[in-house]
**Q** 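Before we start, here is the structure in question, set down as structure tokens.
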2 protein chains.
Amino acid sequence: MIRVMITDDHLIVREGLRLILETADDIEVVGEAVDGAECLELAAKLNPQVILMDLQMPRMDGITAIEHLRKDFPEIAIVILTTYNEDDLMIRGLQSGARGYLLKDSSRENLLDAIHAAAKGETLLKPEILARVLAPQAQGKPAATTQTESTLTERELEVLQSAARGERNKEIAYKLGITERTVKAHLQSIYQKFGVDSRAAAVAVAAQKGLLGI
Amino acid sequence: MIRVMITDDHLIVREGLRLILETADDIEVVGEAVDGAECLELAAKLNPQVILMDLQMPRMDGITAIEHLRKDFPEIAIVILTTYNEDDLMIRGLQSGARGYLLKDSSRENLLDAIHAAAKGETLLKPEILARVLAPQAQGKPAATTQTESTLTERELEVLQSAARGERNKEIAYKLGITERTVKAHLQSIYQKFGVDSRAAAVAVAAQKGLLGI
DNA sequence: GCGGACATTGTCCGTTCGGACAATATGCCC
DNA sequence: GGGCATATTGTCCGAACGGACAATGTCCGC
């Protein structure tokens, strides 16, 4: 019996996954978490072998959760389950220690196969994804610097979410109780991490990473 | 037997919905569409009574699809099913003719209740959502102008997607073979349609609407 | 033909933004 | 104690942006 935990912020996705997984007679869904923070809590209590992990969640995003899980529960296999077929997000997830990667438009068979492989300590990757993992900084992508430098801090996330709402630096500063200069500092840090040089592009990247809750 | 069609770009969401719906013995899932365009095609063939409609999809977004459905198949009840508890998106969907609104983190009961209500020609709204619908331009939101004015033109979409890549007006102008002033005109038109006043906010709205392919 | 939607371009001006120089303080881990 | 990450703030400047006045031409449907 493979003990599987589901981490996704959408109830319908969780229910759908649970029902799909229950069609396999060797899989047991032991719990569900709605974000990265709850995932870490439940992982300690429920002792899952495999965690299906969404990457776009509130409170704590999937990448951050994976990094924590790798550190605290290295024996748990993590299968990334996300909407986006986005190169750097996928590669970052795998670099962070995930053992599989599945798009939400994957078939039921693919999903079950990936879980079975993960439970055996193997990783199931589609050939084209494997190729991308093997070719780190292939063509256009700005080649993610290091792991820590590619995750936003809480403060940076606050600033970026405010910017995505169209707020000016002055407005953001007032709401956060800091100066405009500090807002600019956070933004420049964000730009560096995302490899962009404008708030519009930063917002697009954030949306892509699911950091805006949309 | 209520004939229900599902429109969502994620297979797992579709499967999850199908399995949930099949737990009700008076509901029949007659088909699934992956985007607004396919939804229109299948609606003509499958004759559904209720359509569960995601709002964030490629090719044709949910709002546009609803507008077409209202025109071509006014007898079909549409229940919006989306990730976002976003005021103007919700209101626009309902104004466009949807008969219900459900967040993806709704419970199974809520989902089934909404479908039953929609099939009877009724609309099931949570009280707080009803209040917002009844108070059009209540607090901050700029109260969407008209239907046609809320859809971007091809040119505007090109400009906005370029902006989301971090391109400056000058850069966008060069690539599109127009002047910088024209780019600004398109942007201002976009701002008006989206009810924002900055490219960062416009990009966020675009991402939310699924216009950026992410 | 005439209105409407769409695409295009012009100027001026005040505000905002991003980059280039920075520095300081705090808290945590080794 | 010595790093390291994080958060904070300062000034200056050129470029970019958004809004306020606009106007012109095309194409399509009624």
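Throughout, protein chains are lettered first and strands after them, A, B, ... in sequence-line order, and every chain is numbered starting at 1. These numbers come from the heavy atoms of this one structure, side chains and all, not from hydrogens, waters or symmetry mates.
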**Q** Is B:Glu38 reaching over with its side chain to a backbone N or O of B:Thr7, donor-acceptor style, under 3.5 angstrom?
**A** no
**Q** What's the CZ-C1' distance between A:Arg168 and D:dC17, to the nearest Å?
**A** 8 Å
**Q** Donor-acceptor pair, distance only, cut-off 3.5 Å: does the side chain of B:Arg3 make one with the backbone of B:Asn47?
**A** yes
**Q** Enumerate the residues from residues 176-184 of chain A whose closest heavy atom to DNA chain C is under 4.0 Å, giving them by residue number; use none for an empty result.
**A** A:Arg181, A:Lys184
**Q** Using whole Å, report how far CD of A:Gln188 lies from C1' of D:dT8.
**A** 14 Å
**Q** Could you go through the side chain to side chain contact (heavy atoms under 4.5 Å, CB included) check for A:Arg155 and A:Leu176 one step at a time?
**A** CA-CA 9 Å; A:Arg155 205 56 159 168; A:Leu176 295 183; 4.0 Å; yes
**Q** Rounded to whole Å, please give me the gap between CG in B:Asp197 and P in D:dA20.
**A** 11 Å
**Q** Could you tell me the separation between the NZ atom of A:Lys170 and the P atom of C:dC17, rounded to a whole number of Å?
**A** 9 Å
**Q** In whole angstroms, how far is the C1' atom of C:dC28 from the CD atom of A:Glu154?
**A** 17 Å
**Q** What's the OH-P distance between B:Tyr191 and D:dC17, to the nearest Å?
**A** 8 Å
**Q** Distance-only, no hydrogens or angles: does the A:Ser189 side chain make a donor-acceptor pair with backbone N or O of A:Ala185 under 3.5 Å?
**A** no
**Q** Answer yes or no: is there an ion pair linking A:Arg18 with A:Glu15, defined by an N-O contact shorter than 4.0 Å?
**A** no
**Q** Can you tell me the distance, in whole Å, between the CG atom of A:Leu187 and the P atom of C:dG18?
**A** 6 Å
**Q** Whole Å only: how far is the CD1 atom of B:Ile172 from the C1' atom of C:dT8?
**A** 16 Å
**Q** Using a cut-off of strictly less than 4.0 Å, decide whether A:Asn169 has a side-chain nitrogen or oxygen near OP1 or OP2 of C:dC17.
**A** yes
**Q** Kindly say whether B:Val34 contributes a backbone atom to a donor-acceptor pair with the side chain of B:Arg14 at under 3.5 angstrom?
**A** no
**Q** Checking the side chain of A:Glu156 only, and the main-chain atoms of A:Leu152 only, is there a donor and an acceptor separated by less than 3.5 Å?
**A** no
**Q** Would you mind classifying the nucleic acid contact of B:Ser198 as base, sugar-phosphate or nothing, using non-hydrogen atoms under 4.0 angstrom?
**A** sugar-phosphate
**Q** The side chain of B:Thr153 is closest to which nucleotide in this list: C:dG19, D:dG19, C:dA7?
**A** C:dA7
